[in-house]
Amino acid sequence: MQRRNFLTLSGLTLLGAVSPACGEQAPGTRAATSQQRVVVIGAGLAGLAAARELHNNGYDVVIVEGRDRIGGRVWTSLDWPDMPLDLGASWIHGTQGNPITELADQINAQRVVTSYDRAITYNTAGAPLTAAEASLMADLRAQVLRAIAAAQEAETDTSIQQVMAPLRQPLEPDSEAARFINFILSSEIEQEYAGSIDQLSSHWYDSDQQFEGDEALFLPGFQVIPEFLAQGLTLELGQVVQAIHWQSAPLRVITQQTEFLADRVVVTLPLGVLQADTVQFVPTLPPDKQAAIAQLGMGVLNKCYLRFPDSFWPADVDWLGHIPANPGEWVDWVSFQRVANQPILLGFNAAHQGRAIEALSDQQIVDSAMQTLRTIYGDPIPEPTDHQITRWAADPFALGSYSFNAVGSAPTMRHHLAAPLEASVFFAGEATNGDYFGTTHGAYLSGVRAAREIMAQ
Ligand SMILES: Cc1cc2nc3c(=O)[nH]c(=O)nc-3n(C[C@H](O)[C@H](O)[C@H](O)COP(=O)(O)OP(=O)(O)OC[C@H]3O[C@@H](n4cnc5c(N)ncnc54)[C@H](O)[C@@H]3O)c2cc1C
């Protein structure tokens, strides 16, 4: 969701593909025709980037997509005509040098910047943190960071939860310090990486790289990027891939309705879908790829947009934080009042909490969110006039929000996930990107990388 510089970054190691020469890829700049037929599975950013690059270089490309829309985990709802809402990715995380910025610039997409400097945090009772509470929070945060830094030097990997045990054990579970630590872990680790602290690897959870710059939202919605990339490409929507036969030429991609023949295939199935094993590979995938699929984690981040008649919260803040009694419950909120002049709040639930909330009805989710908001702003605040709620774990074409480094995984596994099968099947998608997993730019760059692997054959 958000990319805070939680731990000190060890510097950026940018892929060659970070300067993807987007100008060269603009729709309509096609190179000489190649006879090669490539089937790209998935019309998310990874698939669209791969298809765009190959199309521009003369390949005969078809994108086979299970949904009836493009974008995958980039999905803008237009249900509220005056306010497009991103149900999947919202932000360009770090605008400087980010390939999504380059694409957005090409189409002059209108963006606004949210800032963690415009934030207010409320204690469990709903009052803004006092100076003493803010100081305790800073102190505990330093302790959390020190514990993780020490764990990252240790021989054996453990979960973040295990690392936190010495800090948390002496505390009463309901004590202020325990709640503050839970808040730090949820807001700064679980909401960002979407894995829960009992699953996240302390060694590797933050092995990703980050771009510098602002956190920018698209006013017309992130969907403008997949729409731009898809221009002029051949798309087969509503084609749910069931099997990929890759042993002999031509390769066969079998869907519920038909089959597509190809010289090469690019697979951009989300990690959650690969883990569910709903797409059969014939023959089966090699052991190191299977191990990567099994051991990397697929996290959950869910969104709940609430629309009110008027805003009752401070108009000049972008982020609202609440330290809940129940760990992970509605800890982070974004306000659209300042950036979009709309009385809309977006509440998040991540990791176990994000998964658990999917079992509730919309009304139960709204009631639960309102309980938190009433704790902060008082009983008289109005009911929302409307809501929009996501359930990414239950979405059969995603089965989660984005990947994380689980205990038992290692960064090399993302390379195994990305490795081609016999120069015929190539893999892209956010989970294959060791530097930028869990992001739109990671997905985009992985697609460019897979296309260039094919072009290098
Ligand atoms: C709630 C949420 C918030 C996020 N916030 C941000 C953010 O603010 N900034 C950011 O940079 N990133 C964010 N992300 C992450 C980002 O959205 C993803 O990393 C990225 O969009 C993944 O792109 P992809 O192409 O790898 O996968 P996808 O977009 O999932 O594309 C894969 C495609 O494969 C299709 N597919 C699946 N199964 C089949 C099948 N059997 N047959 C055919 N097609 C199939 C899917 O429908 C999908 O279209 C967020 C994600 C979520 C869910």
Side-chain angles (χ1 to χ4, degrees), residues 1-3 39-51 63-75 85-95 98-101 114 191-194 208 210-211 215-218 222-223 225-226 229-230 235-244 253-256 260 266-274 276-280 298-304 334 346 348-350 354 389-393 395-404 417 427-433 436-447 450:
M1 168 189 74
Q2 63 218 51
R3 295 283 146 183
V39 170
V40 175
I41 300 173
L45 283 188
L48 291 169
I63 305 179
V64 177
E65 165 59 51
R67 302 180 197 266
D68 59 4
R69 62 169 180 85
I70 63 166
R73 283 171 276 168
V74 171
W75 182 21
L85 296 183
D86 276 310
L87 304 178
S90 292
W91 282 271
I92 304 179
H93 289 308
T95 48
N98 191 314
I100 306 296
T101 303
T114 61
Q191 306 266 333
E192 171 156 348
Y193 289 98
D208 55 330
Q210 300 180 21
F211 288 109
E215 299 283 285
L217 291 168
F218 290 86
F222 215 126
Q223 197 75 22
I225 298 298
L229 288 172
L235 282 152
E236 288 276 352
L237 298 180
Q239 295 277 1
V240 180
V241 173
Q242 295 181 320
I244 302 161
V253 174
I254 297 168
T255 71
Q256 278 170 337
F260 296 87
V266 180
V267 175
T268 73
L269 296 169
L271 179 65
V273 172
L274 291 171
D277 215 12
T278 48
V279 178
Q280 200 191 354
M298 189 64 175
V300 180
L301 176 74
N302 272 315
K303 296 183 166 182
C304 170
V334 172
L346 161 58
F348 295 94
N349 283 280
I389 288 169
T390 67
R391 289 182 179 79
W392 283 102
D395 180 327
F397 297 114
L399 296 172
S401 299
Y402 43 90
S403 65
F404 66 89
L417 198 58
F427 288 80
E430 58 84 11
T432 67
N433 194 322
Y436 301 110
F437 56 85
T439 65
T440 50
H441 48 274
Y444 175 82
L445 291 171
S446 75

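No hydrogens, no waters, no symmetry mates; every other heavy atom, side chains included, goes into these values. Atoms within a ligand are numbered from 1 in the order they appear, just like the ligands themselves. Because the structure is a prediction, the values reported are computed rather than measured.
A donor-acceptor pair is defined here as one N or O able to donate and one able to accept, closer than 3.5 Å; such a pair exists between the side chain of Glu65 and the backbone of Ala43. Between the side chain of Gln210 and the backbone N or O of His93, no donor-acceptor pair lies under 3.5 Å. Formation of a donor-acceptor pair under 3.5 Å by the Glu430 side chain with backbone atoms of Ala443 is not found in this model. Judged by distance alone, with hydrogens and angles left aside, the side-chain atoms of Thr432 form no donor-acceptor pair with the main-chain N or O of Leu417 at under 3.5 Å. A donor-acceptor contact shorter than 3.5 Å links the side chain of Trp392 to the backbone of Leu87.
Looking at Asn302 and Ile389, their side chains never come closer than 4.5 Å, going by heavy atoms from C-beta outward. Looking at heavy atoms from C-beta onward, Trp91 lies in side-chain contact with Val334 at the 4.5 angstrom threshold. Two residues are said to be in side-chain contact when any heavy atoms from C-beta on lie closer than 4.5 Å; Phe211 and Ile92 fail this criterion. Looking at Thr440 and Val74, their side chains come closer than 4.5 Å, going by heavy atoms from C-beta outward. Between Gln223 and Ile70, the closest side-chain pair of non-hydrogen atoms falls below 4.5 Å. Annotation: side chain of Val241 is in contact with side chain of Thr255 (closest heavy-atom distance under 4.5 Å).
Close contacts of ligand 1 with Trp91, meaning ligand atoms under 4.0 Å from a residue heavy atom, involve 7 (C), 8 (O), 9 (N), 10 (C), 11 (O). Residue Trp392 approaches ligand 1 through these ligand atoms, each under 4.0 Å from one of its heavy atoms: 1 (C), 53 (C). Atoms of ligand 1 found under 4.0 Å from any heavy atom of Thr268, numbered from 1 in the order shown, are 32 (C). Listed by number with element, the atoms of ligand 1 under 4.0 Å from a non-hydrogen atom of Val240 are 41 (N), 42 (N). Under a 4.0 Å criterion applied to the non-hydrogen atoms of His93, ligand 1 contributes the atoms 7 (C), 8 (O), 9 (N), 10 (C), 11 (O). Proximity to Gly72 (heavy-atom distance under 4.0 Å) selects the following atoms of ligand 1: 29 (O), 48 (C), 49 (O). With ligand atoms numbered from 1 in the order given, ligand 1 contributes 26 (O) to contacts under 4.0 Å with heavy atoms of Gly429. Each of the following atoms of ligand 1 lies closer than 4.0 Å to a heavy atom of Gly66: 43 (C), 44 (N), 45 (C).
No more than 12 heavy-atom neighbours from other residues, nucleotides or ligands sit within 6.0 angstrom of CH2 on Trp75.
For the pair Arg69 and ligand 1, no heavy-atom separation below 4.0 Å is found. Using a non-hydrogen distance threshold of 4.0 Å, Leu301 registers as a contact of ligand 1. By the 4.0 Å heavy-atom criterion, Gly88 is counted among the residues contacting ligand 1. Ligand 1 does not have Ala428 within reach: every non-hydrogen atom of the residue lies 4.0 Å or more from it. No heavy atom of Ile100 sits closer than 4.0 Å to any atom of ligand 1.
Taking distance alone, with nitrogen or oxygen atoms compared against 3.5 Å, Ala46 approaches ligand 1 more closely than that limit. Between Val241 and ligand 1, at least one pair of N/O atoms sits closer than 3.5 Å. For ligand 1, the polar-atom distance check finds no N/O of Tyr402 at less than 3.5 Å from any of the ligand's N/O atoms. Taking only nitrogen or oxygen atoms, main chain and side chain alike, Lys303 does not reach within less than 3.5 Å of ligand 1. In terms of N/O distances under 3.5 Å, ligand 1 is not approached by Leu87.
Taking the six-membered ring for Trp and the full ring otherwise, Tyr436 and Tyr444 have centroids separated by 6.0 Å or more.
Selection from Leu271, Val64, Leu269 by nearest heavy atom to atom 45 (C) of ligand 1 gives Leu269.
With a 4.0 Å heavy-atom cut-off, ligand 1 is reached by no atom of Ile92. The part of Val279 lying near ligand 1 is the side chain, judged by heavy-atom distances below 4.0 Å. Under 4.0 Å from ligand 1, the heavy atoms of Pro270 that appear belong solely to its side chain.
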